[in-house]
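Taking it in order: structure first as structure tokens, then the write-up.
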Amino acid sequence: MNKSEIEQLRGLVIERVDMSREPDDSELHKIIDSVIEKNQDYRYMSIKKRQIIHKKIYSSIRGLGIIEELLEEPDITEIMINGPNNIFVEKKGRINKIDERFESENRLNDIIQQIVAKTNRRVNESNPIVDTRLEDGSRVNVILPPIALEGPIVTIRKFSKRGITIDDMISWGTISKEAADFLKMAVMAGYNIFVSGGTGSGKTTFLNVLSNFIPKDERIVTIEDSAELKLDSVDNIVRMETRQANSQGENVISIRDLIKASLRARPDRIIVGEVRGGETLDMLQAMNTGHDGSMSTGHGNSPSDMMTRLETMVLMGIDMPLAAIRAQIATAIDIVIHLGRMRDKTRKVLEINEVVGIRNDQIELNRLYVFKEEPESDKNKVVGQLERTENPLINKQKLERKGLA
């Protein structure tokens with residue numbers, strides 16, 4: 001069945017829908033079945049084919065159309081829509097263009113509005129960029145014209161329906177068993193952890209995995225631009241999400257506002273999904289005020305580069321001596337984990353560093369684990385493992401207090 005035939009059936013269904021009110025799902029399903037049944041070409045089709053047609057029509061009216069079909073494919077990890085005629089997907093680390101396309105730019109715009117409305121967000125010509133999420137937790141970024149020159153841009157990072165565990169990451173070669181055991185102890189002992197890496201390196205996924213080691217009897221507050229973290233291992237959890245300004249440009253609630261509010265919610269730990277600007281200082285101060293075991297992520301090319309970026313981000317929010325900023329970072333963060341996406345599209349933990357203080361006016365890092373490639377690596381396959389260095393862990397006080405040293 002081609003697209004034009006689906007569109008014809010869709011049109012027949014819409015003609016029979018009472019547009020003066022919103023039909024419920026059961027009523028819509030009955031109308032779709034009736035339209036298919038009355039069409040001579042489809043009356044004698046197999047049940048399976050009719051179900052496929054029914055699903056396509058329903059998703060084109062009530063669902064997300066092409067997007068819904070792509071979301072159901074387990075191998076697809078990212079969906080990239082560059083206007084109505086250009087759709088790309090990432091499968092097993094490889095990006096390819098698909099033959100599907102939207103009927104029109106208006107149809108794509110309708111789907112975008114449907115997505116953002118479910119999280120009470122707004123996107124239009126005056127506010128053309130928005131970050132939001134789907135009901136399953138998948139991350140969505142939307143950019144509209146006039147910013148996007150070739151039509152609406154939608155990027156969807158799919159959320160894994162099955163929670164990824166540290167055992168999965170060990171089996172994939174993302175991290176070694178020894179390093180995983182160390183990080184488990186670090187989380188349990190309340191070390192403040194920062195995860196750095198480039199786009200698509202798996203920072204949020206890794207943060208989710210680390211959260212599984214948090215003791216069940218603790219109270220956690222998560223703070224995000226759009227809620228992605230799924231901390232299923234913790235019962236006492238408070239989830240907070242930023243709010244955009246309204247049409248008058250008022251009532252915005254930022255990451256900074258939420259961090260300040262979280263301090264009065266009696267958290268044991270605070271988890272900030274990602275820091276990008278002035279809220280970095282608030283995160284560091286939260287880590288420095290008794291909320292041991294707090295975690296966050298940020299974009300950086302290496303652990304040392306991440307420290308420099310944190311300095312810059314703090315300066316975006318407040319005019320403060322650089323020495324004081326470095327002291328805040330060095331006392332707030334205990335462990336820096338750096339992730340990378342390799343040339344063969346696999347994701348690896350490349351380094352685990354301990355922040356040990358200030359030396360020669362610079363933040364000093366103690367490298368504990370480093371990824372080493374084996375000679376048999378080539379341009380298509382990375383072979384190697386995360387290895388323990390000879391450097392001992394210097395700050396053991398938190399481990400000792402928990403009896404884990």
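For the residue pair Asp344 and Asn380, no side-chain donor N or O sits within less than 3.5 Å of a side-chain acceptor on the partner. Between the side chains of Asp257 and Ser254, at least one donor-acceptor pair of N or O atoms lies under 3.5 Å. For the residue pair Asp136 / Ser138, a side-chain donor-acceptor distance below 3.5 Å is found, with atom types taken as modelled. With no hydrogens or angles considered, no side-chain donor-acceptor pair links Asp305 and Thr308 at under 3.5 Å. Side chain to side chain, Thr132 and Thr119 meet the donor-acceptor criterion of an N or O pair below 3.5 Å.
Side-chain contact between Ile143 and Val123 is absent, with no heavy-atom pair separated by less than 4.5 Å. Contact check for Ile335 versus Asn353: no side-chain heavy atoms found under the 4.5 Å cut-off. The side-chain heavy atoms of Val356 and Leu365, taken from C-beta on, include no pair separated by under 4.5 Å. A 4.5 Å side-chain heavy-atom check between Val252 and Arg243 finds every atom pair outside the cut-off. Two residues are said to be in side-chain contact when any heavy atoms from C-beta on lie closer than 4.5 Å; Leu71 and Lys158 meet this criterion. Side-chain contact between Glu90 and Lys345 is absent, with no heavy atoms from C-beta onward closer than 4.5 Å. Within the 4.5 Å cutoff, no side-chain heavy atoms of Arg94 are placed close to those of Lys91. Taking the side chain as every heavy atom from C-beta outward, Ile81 and Leu108 approach each other to under 4.5 Å.
Sorted by first then second residue, the salt bridge (charged side-chain N to carboxylate O under 4.0 Å, His left out) pairs that include residues 203-215, not counting sequence neighbours, number zero. Residue pairs that meet the side chain to side chain donor-acceptor pair (under 3.5 Å) test with at least one member in residues 317-328, sequence neighbours left out, are Asn288-Gln328, Glu311-Arg326. Sorted by first and then second residue, the salt bridge (charged side-chain N to carboxylate O under 4.0 Å, His left out) pairs involving residues 175-188 (not counting sequence neighbours) are Lys177-Asp181. For residues 206-227, the pairs satisfying salt bridge (charged side-chain N to carboxylate O under 4.0 Å, His left out) are Glu218-Arg269, Asp225-Arg276, with sequence neighbours left out.
For Lys260, the NZ atom counts as densely surrounded, since its 6.0 Å shell holds more than 12 non-hydrogen atoms of other residues, nucleotides or ligands. Applying the 6.0 Å contact sphere to CG of Asp75 captures more than 12 heavy atoms from other residues, nucleotides or ligands. Remark: Glu135 CD is loosely packed, at most 12 non-hydrogen atoms of other residues, nucleotides or ligands lying under 6.0 Å away. Shown here is Glu150, whose CD atom has no more than 12 heavy atoms of other residues, nucleotides or ligands within 6.0 Å. Counting heavy atoms of neighbouring residues, nucleotides and ligands inside a 6.0 Å radius, atom CD of Glu125 does not exceed 12 of them.
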Inset, instruction - For the pair Arg266 and Asp268, evaluate salt bridge (Lys or Arg N to Asp or Glu O under 4.0 Å) and give the outcome as yes or no after the intermediate values. - result: CA-CA 7 Å; Arg266 202 259 174 232; Asp268 290 308; 2.9 Å; yes
Inset, instruction - Assess whether salt bridge (Lys or Arg N to Asp or Glu O under 4.0 Å) is satisfied between Arg256 and Glu279, documenting all intermediate values. - result: CA-CA 5 Å; Arg256 298 195 73 170; Glu279 72 274 5; over 6 Å; no
Inset, instruction - Please assess Ile66 against Ile87 for the test side chain to side chain contact (heavy atoms under 4.5 Å, CB included), listing each intermediate value before the final yes or no. - result: CA-CA 10 Å; Ile66 298 166; Ile87 304 175; 4.1 Å; yes
Inset, instruction - Could you give me the CA-CA distance, side-chain angles and deciding distance for Glu241 and Arg133, then say whether salt bridge (Lys or Arg N to Asp or Glu O under 4.0 Å) is met? - result: CA-CA 11 Å; Glu241 185 179 64; Arg133 68 181 189 283; 2.3 Å; yes
Inset, instruction - Show the numbers, then the answer: is there a side-chain hydrogen bond (donor to acceptor under 3.5 Å, both in side chains) between Asp168 and Thr165? - result: CA-CA 5 Å; Asp168 292 327; Thr165 67; 3.3 Å; yes
Legend entry - CA sep, side-chain torsions, deciding dist, call: Ser104, Arg107, side chain to side chain contact (heavy atoms under 4.5 Å, CB included): CA-CA 5 Å; Ser104 65; Arg107 176 62 181 147; 3.7 Å; yes
Inset, instruction - Please assess His299 against Thr199 for the test side chain to side chain contact (heavy atoms under 4.5 Å, CB included), listing each intermediate value before the final yes or no. - result: CA-CA 7 Å; His299 282 77; Thr199 300; 3.4 Å; yes
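Interatomic distance, CG of Leu339 versus OG1 of Thr174, reported as 8.5 Å (0.5 Å rounding). A distance of 13.0 Å separates CZ in Arg239 from CG in Leu258, rounded to the nearest 0.5 Å. In this structure, Arg157 CZ and Met80 CE are separated by 9.0 Å, a value rounded to the nearest 0.5 Å. Residue Leu183 holds its CG atom at 11.0 Å from CE of Met169, rounded to the nearest 0.5 Å.
Residue Glu354 is tested with Ile333, Asp334, Leu368 for a side-chain contact (heavy atoms from CB on, under 4.5 Å); the sole match is Leu368. With Glu78 as reference, Thr155 is the one residue of Val89, Thr155, Leu70, Ile95 to meet the side-chain contact (heavy atoms from CB on, under 4.5 Å) rule.
Shown here are the ring-ring contact (aromatic ring centres under 6.0 Å, His included) partners of Tyr369, two or more places apart in sequence or in another chain: Phe182. In this structure, the ring-ring contact (aromatic ring centres under 6.0 Å, His included) partners of His29, at least two apart in sequence or on a different chain, are His54, Tyr58. Under the side chain to side chain contact (heavy atoms under 4.5 Å, CB included) criterion, Ser171 pairs with no residue at all, not counting sequence neighbours. Every residue was checked against the side chain to side chain donor-acceptor pair (under 3.5 Å) condition with Lys230, not counting sequence neighbours, and none meets it. Every residue two or more places apart in sequence or in another chain was checked for a side chain to side chain donor-acceptor pair (under 3.5 Å) with Asn127, and none qualifies. Under the rule for a side chain to side chain donor-acceptor pair (under 3.5 Å), Asn301 has no partner lying at least two apart in sequence or in another chain. Evaluation of the side chain to side chain donor-acceptor pair (under 3.5 Å) rule for Ser211 yields no partner, not counting sequence neighbours.
In this structure, Ile156 and Leu134 approach most closely via the heavy-atom pair CG2-CD1, 4.2 Å. The shortest non-hydrogen separation linking Ile259 to Ala286 is CG2-CB, 4.4 Å. Across every non-hydrogen atom of Pro392 and Asn366, the tightest pair is O-ND2, 2.8 Å. Here the closest non-hydrogen pair linking Val275 and Ser296 is CG1-OG, 3.8 Å.
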Return a table of donor-acceptor pairs under 3.5 angstrom between the side chains of residues 185-197 and protein atoms on other chains or two or more places apart.
| from | atom 1 | to | atom 2 | distance (Å) |
| --- | --- | --- | --- | --- |
| Tyr191 | OH | Asn395 | O | 2.6 |
| Asn192 | OD1 | Gly293 | N | 2.9 |
| Asn192 | OD1 | Ser294 | N | 3.0 |
| Asn192 | ND2 | Met287 | O | 3.4 |
| Asn192 | ND2 | Ala332 | O | 2.8 |
| Ser196 | OG | His338 | ND1 | 2.7 |

